Each structure stands twice: as structure tokens, then as C-alpha cells.
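The structure appears right after this line, and notes come after that.
Given the structure is predicted, the values throughout are model-derived calculations rather than measurements. All residue numbers refer to positions in the sequence shown, counting from 1.
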Amino acid sequence: MSDTAGPVHAHAVVWIDHLGAKIFSVGVTGVHARSVRARLSARHLRHKPNEIGASPVQQDAAFLANVSECLEGCMDLLILGPGTEKIELMHYLKAVKPELSLELEPIDHSTDREIVALARKRFHLD
């Protein structure tokens, strides 16, 4: 986990997929970025012929907990991402941080600037 001390803002945005999460704490005074990498098995996953569906990804059990740690002090959260990991994070956070106001939005891979701009617009910080 990339963890540097920085300002705590009430608003944050997380872009997440099965490989990692980018967390941006957003406020009128600026933006503080963090990232959390998932520790997946080193085994290469292969699709087998004549089988329907994707091979399962070995999930890092501590990944969502590490993302949650980075959200201390956050009251409003926007969760973005291309796959199902954003939904898993939403369910996890509802269980461990029920006071957190959550919004979910599907979005493909975006630049850090695009993610922060979307958060600033959503939280009316422009």
C-alpha cells in the first residue's frame, strides 16, 4: 500500500479494479492521492478450450480492508471502476462503515485528472 500522510478531506473518489485502487481525497484546498495494489497469486490464468466463462482471479483477502483504511475521515465517497470490484467494495464499506455516504458509477479506465475532475463536479467543489 502506498501511504503518505496528507490532508484528510470529507470527500473522496476511488477508482478500483481487481489489480488495484486509486484513492483521491478531494477538498477545496486540494487533492491527496494514494494507491493500493492487490496482491494476486503469481500463477498465470489461462482460458481452457471449450469452457464458458472466465478463469477465476485469486483475490487478495486484505485488499478491500487496505482501501478502507485509506478512507479514514471521509464522509462522502464516489466509487468508480470498470468491473465488479467496485460493487464488492461498496458492499464491504456498507458493512464496516455504515455512516459513509456512497455513490457508485461504472467508468472505464480514466486518467487521474479525469477521475479528480469527475469527483470535483460530483461534490460541487469547482
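With rounding to the nearest 0.5 Å, the separation of OG in Ser35 from CG in Asn66 is 11.0 Å. Remark: Ser101 OG to Leu93 CG distance equals 11.5 Å, nearest 0.5 Å. Rounding to the nearest 0.5 angstrom, the gap separating the CD atom in Glu103 from the CZ atom in Arg122 is 4.5 Å. Rounding to the nearest 0.5 angstrom, the gap separating the CD atom in Glu99 from the SG atom in Cys74 is 9.5 Å. Rounding to the nearest 0.5 Å places CG of Leu118 at 8.5 Å from CD1 of Ile115. Distance check, rounded to the nearest 0.5 Å: NZ of Lys22 to CG of Leu80 gives 11.0 Å.
A side-chain donor-acceptor contact under 3.5 Å links Arg120 to the backbone of Gly27. Put simply, the side chain of Ser110 gets close to the backbone of Asp108: a donor and an acceptor are under 3.5 Å apart.
Pro82 and Ile16 make their closest contact through CD-O, 3.6 Å (heavy atoms, listed as atom of the first residue, atom of the second, distance). Across every non-hydrogen atom of Tyr92 and Leu64, the tightest pair is CE2-O, 3.7 Å. Closest of all the heavy-atom pairs between Leu125 and His11 is CD1-CD2, 4.0 Å.
Leu104 places none of its side-chain heavy atoms less than 4.5 Å from the side chain of Leu78.
Salt-bridge check for Glu105 with Lys86: failed, with every basic side-chain N at 4.0 Å or more from each acidic carboxylate O. Under a 4.0 Å N-O distance rule, the pair Arg34/Glu69 does not qualify as a salt bridge.
Hydrophobic clustering keeps Met75 apart from Phe123 (ILVMFWY residues linked when any side-chain heavy atoms are closer than 4.5 Å, directly or through intermediates).
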Is there a side chain to side chain contact (heavy atoms under 4.5 Å, CB included) between Leu77 and Ile79 once you walk through the steps?
CA-CA 6 Å; Leu77 179 64; Ile79 304 172; 3.8 Å; yes
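Between Trp15 and His109, the ring planes are tilted. Angles from 30° to 60° get that label.
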